[in-house]
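To start, the structure itself, in structure tokens.
So you know, we letter chains A, B, ... as the sequences are listed, proteins then strands, and number each from 1.
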Amino acid sequence: MLPEDFYTRKHVVQIAKDLLGKVLVTDFEEGRTSGIIVETEAYAGVGDKASHAYGGRRTTRTETMYSRGGVAYVYLCYGIHHLFNVVTNVQDIPHAILVRAIEPLEGIDIMLARRNKEKLTPQLTAGPGAMSQALGISTGHTGLALNTHIFIEDRGIKVRKTDIVSGTRVGVAYALEDAYLPYRFWIKGNPYVSRGKGL
DNA sequence: CAGCAGATTGACT
DNA sequence: GTCAATCTGCTGC
């Protein structure tokens, strides 16, 4: 399991890259489900127009982002989808990383049941809403420390620097010039990446 | 308090 | 390719 000081570092963009190849695990009543993180996006706090915490905004929803690194920030998008983020940096610095896609490892039958699907295809976990549903993550888990039912492990999977690709974040056109920041990272060629399919 | 847009997905034309 | 689903929070009356 990743130590707390993995999350409390100051450079959210670096942590977003470091998360690629790590294994996101959930362990709820139905059993253990997990997958390799293949796509992330960094949201760099009060100065980032794409972030919910831009300008120091604090609401019921965003309050969790101000926690110290190493807890989950889960919020509802479009009233339907539960999006899972990893909070980073120290208390009161609202950095977070959206985990957009995983490559399924364990508990694939459980994930298929949660998604109401029969066959394993990239659609099972490619995309932040789909991934959270497969892992059983919901807004009720926001604020939970990543050391109990939801956690991230380093299983020694090596991702070469040359296999990490960056691009603009998805769905943040409203962020004006910040929409062009290369804060989205994914593993080149991995079929479980939500868009671009590993270009 | 009404209206609108959003870090999305899946069903349908 | 188009569009509805439906909660949070911002804007403006």
Side-chain angles (χ1 to χ4, degrees), chain A residues 7 12-13 15-17 19-20 24 35 37-67 69 71-89 93-104 111-144 146 150 152 165-187 191-197:
Chain A
Y7 302 105
V12 65
V13 171
I15 303 171
K17 286 187 272 190
L19 281 175
L20 296 175
L24 176 59
I37 296 171
V38 298
E39 183 182 0
T40 61
E41 284 181 3
Y43 285 83
V46 300
D48 181 354
K49 290 182 180 174
S51 171
H52 294 157
Y54 175 62
R57 184 166 50 199
R58 281 183 113 113
T59 65
T60 310
R61 178 176 72 156
T62 64
E63 190 58 33
T64 302
M65 291 183 86
Y66 291 83
S67 307
V71 307
Y73 167 49
V74 187
Y75 80 96
L76 203 58
C77 186
Y78 294 102
I80 301 174
H81 305 290
H82 302 256
L83 270 54
F84 170 78
N85 298 247
V86 175
V87 175
T88 70
N89 214 309
I93 305 291
H95 287 183
I97 297 162
L98 173 68
V99 180
R100 293 187 54 88
I102 59 171
E103 177 181 332
M111 293 195 275
L112 287 169
R114 283 175 178 149
R115 297 266 296 130
N116 199 23
K117 292 186 177 300
E118 297 193 344
K119 291 195 303 185
L120 174 59
T121 67
Q123 283 193 322
L124 183 66
T125 55
M131 183 202 78
S132 296
Q133 187 182 16
L135 290 172
I137 294 172
S138 69
T139 54
H141 304 297
T142 200
L144 193 65
L146 298 174
I150 306 173
I152 300 174
V165 195
S166 67
T168 56
R169 293 171 290 186
V170 175
V172 295
Y174 61 88
L176 304 176
E177 72 273 16
D178 287 345
Y180 298 102
L181 293 169
Y183 281 3
R184 174 175 173 243
F185 303 97
W186 66 95
I187 296 178
Y192 290 90
V193 171
S194 71
R195 275 177 49 178
K197 300 298 174 197

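A/Arg114 meets the salt bridge (Lys or Arg N to Asp or Glu O under 4.0 Å) test with A/Glu30; sequence neighbours excluded. For the side chain to side chain contact (heavy atoms under 4.5 Å, CB included) test, residues two or more places apart in sequence or in another chain that qualify with A/Ala179 are A/Val172, A/Ala175. Every residue two or more places apart in sequence or in another chain that forms a side-chain hydrogen bond (donor to acceptor under 3.5 Å, both in side chains) with A/Thr62 is listed here: A/Thr59. By the side chain to side chain contact (heavy atoms under 4.5 Å, CB included) test, A/Asn89 is found to be paired with A/Lys10, A/Ile93, A/His95, residues two or more places apart in sequence or in another chain being considered. Looking at residues two or more places apart in sequence or on another chain, you find no side-chain hydrogen bond (donor to acceptor under 3.5 Å, both in side chains) involving A/Tyr7. Considering only residues two or more places apart in sequence or on other chains, A/Ser166 meets the side chain to side chain contact (heavy atoms under 4.5 Å, CB included) condition with A/Pro182, A/Phe185.
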Here DNA chain C, pairs taken as Watson-Crick or G-U under 3.5 Å and shown with ( ), [ ] when crossing and | when to another strand, reads |||||.||||||.
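Within the structure, every pair that satisfies the side chain to side chain donor-acceptor pair (under 3.5 Å) test and touches residues 123-138 of chain A, not counting sequence neighbours, is listed here: A/Arg115-A/Gln133. Applying the salt bridge (charged side-chain N to carboxylate O under 4.0 Å, His left out) test to residues at least two apart or on different chains, none of the pairs has a partner in residues 116-142 of chain A.
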Got a list of protein N/O to nucleotides 1-7 of chain C N/O distances below 3.5 Å?
{"from": "C/dT6", "atom 1": "O2", "to": "A/Tyr78", "atom 2": "O", "distance (Å)": "2.6"}

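Within a heavy-atom distance below 4.0 Å of DNA chain C, no residue of residues 45-56 of chain A is found.
Look at the P atom in both C/dC13 and B/dA5: the space between them is 16 Å, to the nearest Å.
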Would you be so kind as to tabulate the donor-acceptor pairs closer than 3.5 Å made by side chains of residues 77-88 of chain A, with sequence neighbours excluded?
{"from": "A/His82", "atom 1": "ND1", "to": "A/Thr139", "atom 2": "N", "distance (Å)": "3.0"}
{"from": "A/Asn85", "atom 1": "ND2", "to": "A/Tyr73", "atom 2": "O", "distance (Å)": "3.2"}
{"from": "A/Asn85", "atom 1": "ND2", "to": "A/Leu83", "atom 2": "O", "distance (Å)": "3.4"}

